[in-house]
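The next block holds one structure in the form of structure tokens; read it before the comments.
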There are 2 protein chains.
Amino acid sequence: MRALLLDGALRRRDDIAAPAPAADEALVRVLRAGICNTDLELARGYMGFRGIPGHEFVGRVEAAPDPALAGRRVVGEINAACGACLQCRRGFQTHCERRTVLGILGRDGSHAEFLVLPARNLHVVPDEITDDEAVFVEPLAAAFEVLQQVLLPADGRCAVLGDGKLGLLVVQVLRSAGLDVLLVGKHAAKLRLAEAWGARTALADGGLGEPFGLVVECTGSPAGFGRAVTLTRPRGTLVLKSTYAGRANVDLAPIVVNEISVVGSRCGPFPAALEALAGGRVQVGPLISARFSLAHAKEAYTRAGQPGTLKVLLRP
Amino acid sequence: MRALLLDGALRRRDDIAAPAPAADEALVRVLRAGICNTDLELARGYMGFRGIPGHEFVGRVEAAPDPALAGRRVVGEINAACGACLQCRRGFQTHCERRTVLGILGRDGSHAEFLVLPARNLHVVPDEITDDEAVFVEPLAAAFEVLQQVLLPADGRCAVLGDGKLGLLVVQVLRSAGLDVLLVGKHAAKLRLAEAWGARTALADGGLGEPFGLVVECTGSPAGFGRAVTLTRPRGTLVLKSTYAGRANVDLAPIVVNEISVVGSRCGPFPAALEALAGGRVQVGPLISARFSLAHAKEAYTRAGQPGTLKVLLRP
């Protein structure tokens with residue numbers, strides 16, 4: 001099959017064997033895949049991943065242990081858990097000690113014609129959601145994770161740092177929860193999107209006024225952390241969503257002095273994301289910057305890495 | 001009066017005017033003061049403090065707005081709050097936007113013969129508590145702050161990093177809450193103290209086994225943070241108590257990937273600390289390394305800064 005392969009460098013290949021599903025796995029034909037900042041970080045060495053990258057996708061089930069799944073259009077949770085370790089027994093399957101993660105850790109991903117995932121990871125996509133929209137279920141679920149982890153501030157004020165793909169999804173999720181959201185970003189066009197969704201906006205280099213009880217850091221850069229700490233008021237909560245290769249040089253003292261809680265946040269609930277998309281409560285169409293065929297996957301990565309680009313989609 | 005003065009360098013002076021209490025303040029004659037790591041950090045430039053350092057003390061009230069306080073032996077909360085700002089109205093007086101902090105921020109401290117504090121900051125010390133012990137009320141309250149901020153892990157296992165003064169107080173507080181505590185430190189003699197209090201111990205350079213649902217970082221060094229992150233299990237809580245001048249070079253990705261909560265923790269409840277000392281549930285005698293007179297305060301700071309030293313006390 002055709003696929004993108006990361007083995008030190010990114011290579012497009014047409015001679016990769018299609019994956020063979022294990023007994024509990026489904027074989028999925030990829031209809032559409034997305035390129036995430038994490039994929040760009042993997043290409044830079046984050047996690048030391050070798051294999052086919054990609055964890056955002058919508059696909060059609062070609063074969064599955066449960067025949068009822070065959071032929072269905074699905075999205076898939078990316079953590080394949082063992083079900084038996086301490087974390088799994090505690091209910092934290094996304095933190096399974098022996099997990100593989102689609103296109104990130106020990107499991108080939110979605111930037112290919114086919115992928116395999118445990119059948120229990122799959123969610124059928126309602127007809128109201130288009131293929132393009134369904135690709136956003138995974139990152140939108142990650143945005144909903146914020147609501148699962150923190151108490152919302154009593155004064156309803158919160159700030160999101162970073163006007164990239166994830167930041168713009170988090171803005172919509174926080175707006176859907178009724179919060180007064182300030183998006184801090186660098187790109188006027190992206191800030192205008194957020195304004196259309198009812199958020200206030202500010203350029204990152206300006207003064208930002210009173211600090212916030214809830215700040216969500218989505219800049220994807222080491223510099224964002226210090227700025228987010230400064231924006232968080234005493235006893236407030238800073239949700240950290242950015243992952244990147246490399247280290248940050250940070251002053252930890254304000255976290256202690258202001259007794260801030262920094263909450264790391266990763267994968268989230270697929271059902272919440274599917275419901276929000278099916279109900280039209282979150283808009284992802286404006287987040288699509290470009291579409292490439294899998295044959296031009298390397299060009300797609302280049303485009304995805306250009307400043308200002310939002311989601312780049314791949315089709316087989 | 002005699003005092004230690006920090007104005008770029010540390011100087012012992014005998015010609016400082018005794019402080020004049022404002023209408024809501026009490027004048028306190030210092031009976032005993034302690035040297036905290038924060039004082040050593042102030043001397044290195046942390047917070048840019050200029051004035052008389054010191055925030056740990058027990059003293060006798062010489063004059064107070066409420067005559068009932070006169071002559072009483074007291075300890076004092078170090079944050080002098082305005083009572084009117086947003087943080088004060090939210091009940092977070094220790095985070096008052098206009099606060100002064102004894103010997104740390106805009107207010108002369110306890111390494112002197114006299115100090116002033118708002119009378120509402122003072123707590124009368126029960127007779128069962130000696131002067132030496134009472135000096136530990138402030139740092140012990142900071143140790144109790146951990147119990148106010150986090151949920152205790154269901155499996156009862158927790159780890160404390162750093163076998164200094166604060167770490168040894170935190171160990172006792174967590175033991176008093178019934179937890180199974182592992183203290184990770186560098187000094188065999190200090191680890192033996194913790195063992196006598198029922199903690200398990202390990203040297204910092206060894207393997208530490210399974211990660212913990214609750215980790216308290218008390219090393220006072222930038223390197224401690226990364227180690228503490230590694231010791232915290234997915235979805236666990238890392239309480240950050242160390243403050244120091246300077247920045248830490250940290251890999252933030254494990255916080256996101258493991259969805260760890262990092263909780264900054266500073267000043268805590270004086271009543272809990274007074275009760276624990278009066279009831280003999282926390283032992284501070286073994287934490288006293290040396291006593292100096294205020295006349296030899298500079299030598300006392302030198303001693304306090306030597307590796308392995310625990311609490312150094314100052315008397316007038």
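So you know, we letter chains A, B, ... as the sequences are listed, proteins then strands, and number each from 1.
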Task: Among the listed options Val239(B), Leu86(B), Val256(B), Asn258(B), the residue most often paired with chain A at heavy-atom distances under 4.5 Å - done: Val256(B)
- [ ] Measure Leu238(A) against the heavy atoms of chain B and call it side chain, backbone, both or neither at under 4.5 Å.
- [x] neither
- [ ] Go through Glu97(B), Arg235(B), Gln87(B), Gln149(B) and name the one with the most non-hydrogen pairs under 4.5 angstrom from chain A.
- [x] Arg235(B)
Task: Top of Val257(B), Val263(B), Leu240(B) for chain A proximity - count of heavy-atom pairs under 4.5 angstrom - done: Val257(B)
TODO: Could you look at Ile260(A) and say if it's the side chain, the backbone, both or neither that has a heavy atom under 4.5 Å from chain B?
DONE: backbone
Task: Sidechain-backbone polar pair: Glu259(B) side chain, Arg266(A) backbone, donor-acceptor under 3.5 Å - done: yes
- [ ] Nearest 0.5 Å please: distance from the CG atom of Asn249(B) over to the CZ atom of Arg247(A).
- [x] 5.0 Å
- [ ] Below 4.5 Å from any heavy atom of chain B, which atoms of Thr237(A) appear? Answer side chain, backbone, both or neither.
- [x] neither
Task: When Arg90(B), Glu210(B), Met47(B), Glu145(B) are compared by non-hydrogen pairs under 4.5 Å with chain A, the top option - done: Arg90(B)
TODO: Considering only heavy atoms and a distance below 4.5 Å, find which of Ser261(B), Ala248(B), Gly226(B) pairs most often with chain A.
DONE: Ala248(B)
Open item on the list: I'd like to know which of Thr94(B), Val262(B), Thr243(B) tops the heavy-atom pair count under 4.5 Å against chain A.
Closed with: Val262(B)
Open item on the list: Quick check for you: among Ser265(A), Ala154(A), Ser242(A), which has the greatest number of heavy-atom pairs under 4.5 Å with chain B?
Closed with: Ser265(A)
